[in-house]
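In listed order, ligands and their atoms are each counted from 1.
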Amino acid sequence: GAKWTYTGPHGEHHWSMHYPFCGGSFQSPIDIQTRQLSFDPSLRPIELQNYNLSANEQLTLGNNGHSVVLSLPRKMYISSLPQRYTAAQLHLHWGSSHLPSGSEHTINGHQFAAEMHLVHFNSDRYPNISIAADKSDGLAVLGVLIEIGEYNPVVDHFLKYINGIKYRDQKVQVPAFNIRGLLPTRLDEYYRYDGSLTTPPCYPSVLWTVFKTPVTISLKQFRTLATAMYSSHQQETVPVPMNSNFRKPHYTDNRLVLCSFKR
Ligand SMILES: NS(=O)(=O)c1c(F)c(F)c(S(=O)(=O)CCO)c(N[C@H]2CCc3ccccc32)c1F
Ligand SMILES: [Zn+2]
């Protein structure tokens, strides 16, 4: 599809020119206003199957020009939703090294340092993520807010290889690890709403789950994430640093934002 960026003439205000859904409804991310949440007692704890991968397996870590992407094996899935949502990939959104605020979802207007997304597709109904991507019940994304604090040894399982994927379309194989360790302890406390992909083509096909509790990475880890990669290919004369790869929050309009917890 047409090239898109986060700034400049191909930035988010122009996405809808080539990707009409980006100008449509049910867009993500949103600002989660905690005073307007609706507690929904039917929202069960998120249950994950086969997230504890062994180091004998290998995953592909890549730079797709928009983010760092870790491929996930199809044996991983969410089992607590009405249909099985099978894992496809995880990626991150972040700020810049001098501006450590780059999450996509914000809470009461507060933007976190970064955000991790674990993308899953409805494998009960669709054969793969590309077919599922534009279906209203096609995708489920788990969002993890990230703030600067304690060093995160689990994030380093892929972050330590980031210098092998500095440029667009570079990929490396990395030993697998327990992906559950990337998530917060409490999988029973989360926000839930119907939204979209936060990048073109912005399909309104995502059941969003954003966990209430952020995880931490150290400032050193954040700076590595925010300074290691380029959106441009290695052979391009003008290198384009990859940072601030987050979309701004969109209006919730009359969408309900649910929460699985009372206080
Ligand atoms: N923030 S987000 O979770 O909405 C989200 C992204 F932010 C993002 F960058 C990507 S991408 O594939 O890396 C690049 C453009 O789709 C995807 N990719 C997903 C969506 C559709 C699709 C199809 C095949 C493989 C991956 C994806 C994504 F779901
Ligand atoms: Zn994302």
Side-chain angles (χ1 to χ4, degrees), residues 1-7 10-12 15-16 18-22 24 26-30 32 59-74 76 78 85-95 102-106 111-123 125-146 158 162 165 167-171 179 182-183 190-211 215 225 229-231 242-250:
K3 78 175 180 182
W4 56 270
T5 61
Y6 284 98
T7 56
H10 304 282
E12 63 185 282
W15 289 353
S16 56
H18 296 285
Y19 301 98
F21 285 107
C22 296
F26 286 92
Q27 291 298 287
S28 295
I30 60 170
I32 295 167
L59 303 173
T60 304
L61 185 73
N63 174 338
N64 67 4
H66 309 294
S67 185
V68 51
V69 184
L70 186 66
S71 66
L72 298 174
R74 291 183 59 118
M76 289 174 55
I78 302 169
Y85 282 81
T86 294
Q89 52 111 294
L90 72 83
H91 62 270
L92 286 85
H93 304 267
W94 57 86
S103 68
E104 297 210 300
H105 290 92
T106 53
Q111 188 175 27
F112 291 77
E115 187 169 336
M116 177 173 16
H117 291 152
L118 290 92
V119 185
H120 301 70
F121 72 95
N122 184 335
S123 50
R125 298 200 60 188
Y126 310 109
N128 60 56
I129 187 166
S130 298
I131 302 277
D134 66 346
K135 310 298 188 293
S136 61
D137 60 353
L139 303 180
V141 181
L142 304 181
V144 181
L145 298 165
I146 299 172
F158 66 86
I162 202 164
I165 55 163
Y167 299 98
R168 187 182 188 123
D169 296 335
Q170 289 184 332
K171 292 180 177 8
I179 304 295
L182 292 172
L183 303 176
Y190 56 85
Y191 310 105
R192 164 70 50 77
Y193 76 99
D194 292 322
S196 73
L197 300 180
T198 68
T199 60
C202 306
Y203 296 133
S205 61
V206 181
L207 182 68
W208 276 99
T209 299
V210 178
F211 292 109
V215 303
L225 178 66
M229 294 169 64
Y230 295 90
S231 302
M242 186 192 292
N243 56 54
S244 305
N245 57 343
F246 59 91
R247 191 188 195 185
K248 72 175 181 353
H250 286 247

Is it the case that atom OH in Y6 sees more than 12 heavy atoms from other parts of the structure closer than 6.0 Å?
yes
Without swapping roles, check the side chain of S28 against the backbone of S196 for a donor-acceptor pair under 3.5 Å.
yes
Using a strict cut-off of 4.0 Å, indicate which atoms of ligand 1 neighbour a heavy atom of H117.
1 (N), 3 (O)
Is any N or O atom of N64, backbone or side chain, closer than 3.5 Å to an N or O atom of ligand 1?
yes
Which residue holds the protein heavy atom closest to atom 25 (C) of ligand 1, what is that atom called, and what is the gap in Å?
I129 CG2, 3.8 Å
Any L182 side-chain heavy atom under 4.5 Å of V144 side chain:
no
For H93, the ligand 1 atoms with a heavy-atom partner under 4.0 Å come out as 1 (N), 7 (F)
Y230 and Y167 aromatic ring geometry - parallel, tilted or perpendicular at 30°/60° bounds
parallel
Say whether R247 and ligand 1 are in contact under the criterion: heavy-atom distance to a ligand atom below 4.0 Å.
no
Heavy-atom proximity to atom 1 (N) of ligand 1, picking from T198, L142, L90, T199, points to T198
Please report, to 10°, the angle around the Zn ion (ligand 2) from atom NE2 (H93) across to atom NE2 (H91).
100°
Of all N/O/S atoms in H117, which lies nearest to the Zn ion (ligand 2)?
ND1
For the residue pair Y126 and D137, confirm or rule out a side-chain donor-acceptor distance under 3.5 Å.
yes
Within the side chain of E115, is there an N or O that forms a donor-acceptor pair under 3.5 Å with the backbone of E104?
yes
Could you see which bit of L197 sits under 4.0 Å from ligand 1, with heavy atoms only: side chain, backbone, both or neither?
both
Could you check whether the rings of Y193 and W208 sit parallel, tilted or perpendicular, using 30° and 60° as the cut-offs?
parallel
Does H66 offer a backbone N or O that forms a donor-acceptor pair with the side chain of N245 under 3.5 Å?
yes
Taking atom NZ of K135 as the centre, does the number of heavy atoms from other residues, nucleotides or ligands within less than 6.0 Å exceed 12?
yes
Give the atoms of ligand 1, by number and element, whose distance to some non-hydrogen atom of Q89 is under 4.0 Å.
11 (S), 12 (O), 13 (O), 18 (N), 26 (C)
V119: numbered ligand 1 atoms lying under 4.0 Å from its heavy atoms
3 (O), 29 (F)
the protein heavy atom lying closest to atom 5 (C) of ligand 1 turns out to be H91 CE1, 3.3 Å
Taking N or O atoms only and a 3.5 Å limit, does H66 qualify as a polar contact for ligand 1?
no
